[in-house]
Amino acid sequence: MGELPEPAWIEARLVAARPRVLAALLRYFRDLERAEEAFQEACLRALSKWRENGPPRDAEAWLILVGRNLTLDHVRRASRLTELTDDAPNAERVDVEADYAERLDESHYRDDILRLLFTCCHPELPRTQQIALALRIVSGLPVARIARAFLIGERAMEQRITRAKARIAAAGLPFEAPGPVERGERLAAVATVVYLVFNEGYSAPQLESERAGLCEEGIRLARLLLRLFPGEPEMMGLLSLMLLQHSRRRARFDENGQIILLEKQDRSLWNRSMIDEALTMLDKAMLHRRPGPYQIQAAIAAMHARAERPEDTDWAEIEALYAALERHEPSPVVTLNRAVAVSKVQGPEAALALVETLAEPLGGYFYFHGLRGALLKQLGRAREAERAFTEAIGLAGSPAEAAHIREHLDELAAL
Amino acid sequence: MRYALLCYNDESMTSAWTEEEDAIVMARLGKVHEKYEKEFGPVARLMPTTTATTYRKEAKVLTDGPYAETKEQLLGFYVIDVRGLERALEIVRDLSEANPGGAYEIRPIMLFSPGHGDG
């Protein structure tokens, strides 16, 4: 197979199989640690067996069965030392064929995978742990890679993941099949974590870095969820939103890693096929007439994607969409974004008036001071602008953000 | 003789390709396409099945996703014009070398109308 040799193909196959296989093993063993071990063992076996005999027709089913049986063997051997209790799973008792079919029941595996993802969204876990866990458990990224993505040491990441798993084990996992309402709630929680994964990668200026790769991982997870639950408009909205943001990745930073604002980006660098897919998804979502925050955010991003040149952007429509988003999910950050649209439609004065109302909730927010400074600068109020920019620099979350504000300050100094 | 070559693959695999891996496969396929240029008609790569909408005629309802919920999905197709099945198989073997996994269904075409809008 040329540049994609057999072992690489097998590994790719195992990565793709992971969510479904691990999810089924988790349902079977009801223990995350054991399910992961079982998956690991099945993968090792696959690497040797598939290379000899070629891959099985249904790789997932093979992995589930082998992972489960190998683990049951261990359990059996271990329990021989103590005693074989009645409720301990016993490999010889299992009717392999019947089980095989049951394991792969479609409706089961949907909820299995949802459960696996939902496990990572446990409300008691802080966000950083939720993301790390999703990457470790669902995506199967090695701890070393996750640590690199988060710019911390491997040991520290290992501990973070171990702590998260311990919390989940203590809290207990929900194994009953969810009802429609609960399923919806789980999906919403999972969507949040998927978007968090994406956003971790989105803030990384080095496109080839481990961190930037998290964007693709977020997109992959959203596609996976959408294949399982194809009729969920908000999931379509989320995938569309991520694709639209990701489509600009080659245009968002200059060669020094400095942010290039949307209006200054070279739009020919935007990835057309991602945009096309995103616009199609959004169209599909709209047919459901059940708008939600992800769909609206995707619609906003789509307005930019549809504009050939920055001056073609329909800011009035964007302002209306932000107003809709405020109704769905009121937040000062959304209002701040609407203020940007207001500045384009009604001018900097109206926008500044809106921004000033946000001083209290957003006083510690980089973008608040950045936008305020930019508006003041536009209005020729250089002194105040300078103060706002200085404040922004103090709150910058990355060197790229700080550098961007410094450019403003340099321009002010040159006036 | 015209055939449709229907490309099936496991989408959980193809959607896990990184941009680079995807580009490698496409470049390899590109070479095969060049080789058989004279015999190739329309070549289409379909968007992921998540973008699909299906109209169910009997129930008269629109559902999201592809028609068949199978493990391997129709992800693209070719229309080729060749001497016979043997030549079609030759092409398919070359395509398979370039694009790992899945299967190609070789389906003779009964009626082909090339359309008039694309001059």
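Residue numbers start from 1 in every chain, and the chains themselves are labelled A, B, ... in the order their sequence lines are given, proteins ahead of strands.
- For A:K49, the NZ atom sits in a loose shell: 12 or fewer heavy atoms of surrounding residues, nucleotides or ligands are nearer than 6.0 Å.
- Residue A:L226 holds its CG atom at 11.0 Å from OG of B:S15, rounded to the nearest 0.5 Å.
- Contacts of A:L287 with chain B are made by side-chain atoms alone, with heavy-atom separations under 4.5 Å and no backbone atom involved.
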Walk me through whether B:E11 and A:R223 qualify under salt bridge (Lys or Arg N to Asp or Glu O under 4.0 Å). CA-CA 10 Å; B:E11 225 182 358; A:R223 287 215 176 102; over 6 Å; no

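- The shortest distance between side-chain heavy atoms of B:S12 and A:R20 does not fall below 4.5 Å.
- When each of A:E217, A:K284, A:M281 is checked for heavy-atom pairs under 4.5 Å with chain B, A:K284 comes out on top.
- Among A:M236, A:M235, A:E232, A:E277, the residue with the largest count of heavy-atom pairs under 4.5 Å with chain B is A:E277.
- Residues passing the salt bridge (Lys or Arg N to Asp or Glu O under 4.0 Å) test with A:R248, sequence neighbours excluded: none.
- Note on B:E69 versus A:R227: no salt bridge recorded, every NZ/NE/NH1/NH2 to OD/OE distance being 4.0 Å or above.
- Residues of residues 43-64 of chain B lying under 4.5 angstrom from chain A, judged on non-hydrogen atoms, are B:M47, B:P48, B:T49, B:T50, B:T51, B:A52, B:T53, B:L62, B:D64 in numerical order.
- Residue B:F112 places its CZ atom among more than 12 non-hydrogen atoms of other residues, nucleotides or ligands, all under 6.0 Å distant.
- Taking the salt bridge (Lys or Arg N to Asp or Glu O under 4.0 Å) definition, one finds that A:R51 meets it with nothing, sequence neighbours left out.
- For residues 73-95 of chain B, an interface with chain A (any heavy-atom pair closer than 4.5 Å) does not exist.
- For a residue to count as touching a neighbouring chain, one of its non-hydrogen atoms must lie under 4.5 Å from one of that chain's; by this rule A:D276 touches chain B with backbone and side chain alike.
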Is there a side-chain contact (heavy atoms from CB on, under 4.5 Å) between B:E19 and A:R249? Walk through the geometry before answering. CA-CA 12 Å; B:E19 239 175 277; A:R249 69 190 202 112; 3.2 Å; yes

